[in-house]
Amino acid sequence: MDNRFASRKGIIVVGAVIGVLAALLQYLGNPANMGICVACMERDIAGAIGLHRVDVVQYIRPEIIGFVLGSFIAALLAGEHKPRGGSAPMIRFFLGVFAMIGALVFLGCPWRAILRLAGGDGNAIAGILGLAAGIFVGVQFLKRGYNLGRAYPQKSYSGWLFPAVMLSLFLLLVFQVSFSPGGPIFFSEKGPGSQHAPIWISLAAGLLVGILAQRSRFCTMGAIRDVILIRDFHLISGVAALLAFAFAGNLILGQFKPGFEGQPIAHTDYVWNFLGMALSGLAFVLAGGCPGRQLFLSGEGDMDAGIFALGMIVGAGISHNFAMASSAKGTGAFGPAAVVIGFLFCLIVGFTQRDKIKF
Amino acid sequence: MTKQIDARGLSCPQPVILVTRAVEEGNTDLEILVDNEVAKENVLRLTTRCGLKAETRRAGPDIVIRTAKV
């Protein structure tokens, strides 16, 4: 069966749909320029289950759950659900941790970087340039034989574990479970964590994105990587459509506010906006996908991608607990140091993980 | 001579990198083994851009892509 979504037209339609959905989710209650942000939303989930205690960013985001379950359903229906794993899981876990630390220095993942730009936040430019720079460095490793080794087929149903975890999170959200007085589960009463579209709309949007992205292989990091590595403009045409349609949606909904100062959930330190996103970009290349793509892959049964996603969630806890995350006032006390350590880790991984593949 | 490339279990974009390298070395007759649809689509997009014709067939859980000069 031909996969229509894998065509150029298909990826553009998918990018456009995601852009419109993101603008709508903001209109319906999600934080500004955060209709979809994989890093921020995983950070909110980490807060909800008590991995950090920053009380303004705690909520079980149904979009993330929808991403995984949508991809899971689409993969099952297409006969593409294949449990697989075993490609350097612990390295992938820490790539996830540092990808999140970098993202929270910038305050957003590649998805939100695009949405911030679409909302008029000029600070996103430094982030996107940083993202491209990090990806450029990662591509140099790819060209020199970097790889994390093969994944191998795993037993039936092991690929259901990550979707099951997501389903459990959704039940915790729907029933607002409290395990002790005052939580967990924690739900923000003020700040970005308290701002959200209605649960079922968020879930439906997440499911739709999950299904479309699984079919089209949408990936924000892969978009830039493929242009640098093989001059392939397939994926980036989808990302461009996302930007264009989110921008148009923001204009129509009155959400476009151009400028640098006072942008929502953003700071103006362009050096660390650049470097934070560069660290994330490098980690995404080394792990083979942007944070969204890692969720879609984990829905398909890729347990290595699931480990990366778990690394990001734990990384969010670390980032906030150890004062590494930025805020609207600027970088956290230990954010810059953490980014430097993250770069060291990624460079060591890039230089050392390059055993020859037999073919 | 047909060059064999086993790209099973390799995460994106490794299969594409291996095929690119083989094409740059001047190979046109390739037999590429992948184990998922994404790798197949990516490799086919690349071989089309390189002006090679390709045919695919399933081999158990895997997919075999054979390329040749047009």
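The sequence lines fix the lettering, A, B, ..., with proteins before strands; numbering per chain opens at 1.
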> About how many Å separate CG of A:N147 and CG of B:L10, when rounded to the nearest 0.5 Å?
Replying inline: 6.5 Å
>> Strictly below 4.0 Å, N to O, side chains only: are A:R150 and B:D35 in salt-bridge contact?
In response: no
> If you look at every heavy atom in B:P13 and A:L229, which pair is closest and at what distance?
Replying inline: CG-CD2, 4.0 Å
> Should we count CZ of A:F5 as having more than 12 external heavy atoms under 6.0 Å?
Replying inline: no
> Got a second to check how far A:L235's CG is from B:N42's CG, nearest 0.5 Å?
Replying inline: 7.5 Å
>> So B:S11 and A:D304, do their side chains get closer than 4.5 Å, heavy atoms only?
In response: no
>> Using a 6.0 Å cut-off, check whether atom CZ of A:F351 has over 12 heavy atoms from anything other than its own residue.
In response: no
>> Counting heavy-atom pairs under 4.5 Å with chain B, which one of A:K82, A:R84, A:H234 comes out on top?
In response: A:H234
>> With no hydrogens and no angle check, just 3.5 Å: does a side-chain donor-acceptor pair link A:N3 and B:E41?
In response: yes
>> Minimum heavy-atom separation for A:D232 and B:R45, please, with both atom names.
In response: OD2-NE, 3.3 Å
> Any side-chain heavy-atom pair from A:R225 and B:C12 closer than 4.5 angstrom?
Replying inline: yes
> Under 3.5 Å, is there a donor-acceptor pair between the side chain of B:Q14 and the main chain of A:Y146?
Replying inline: yes
> Taking the side chain from B:R49 and the backbone from A:I230, do they hold a donor-acceptor pair closer than 3.5 Å?
Replying inline: yes
>> Below 4.5 Å, heavy-atom pairs only: which of A:E80, A:R217, A:K143 has the largest tally toward chain B?
In response: A:R217
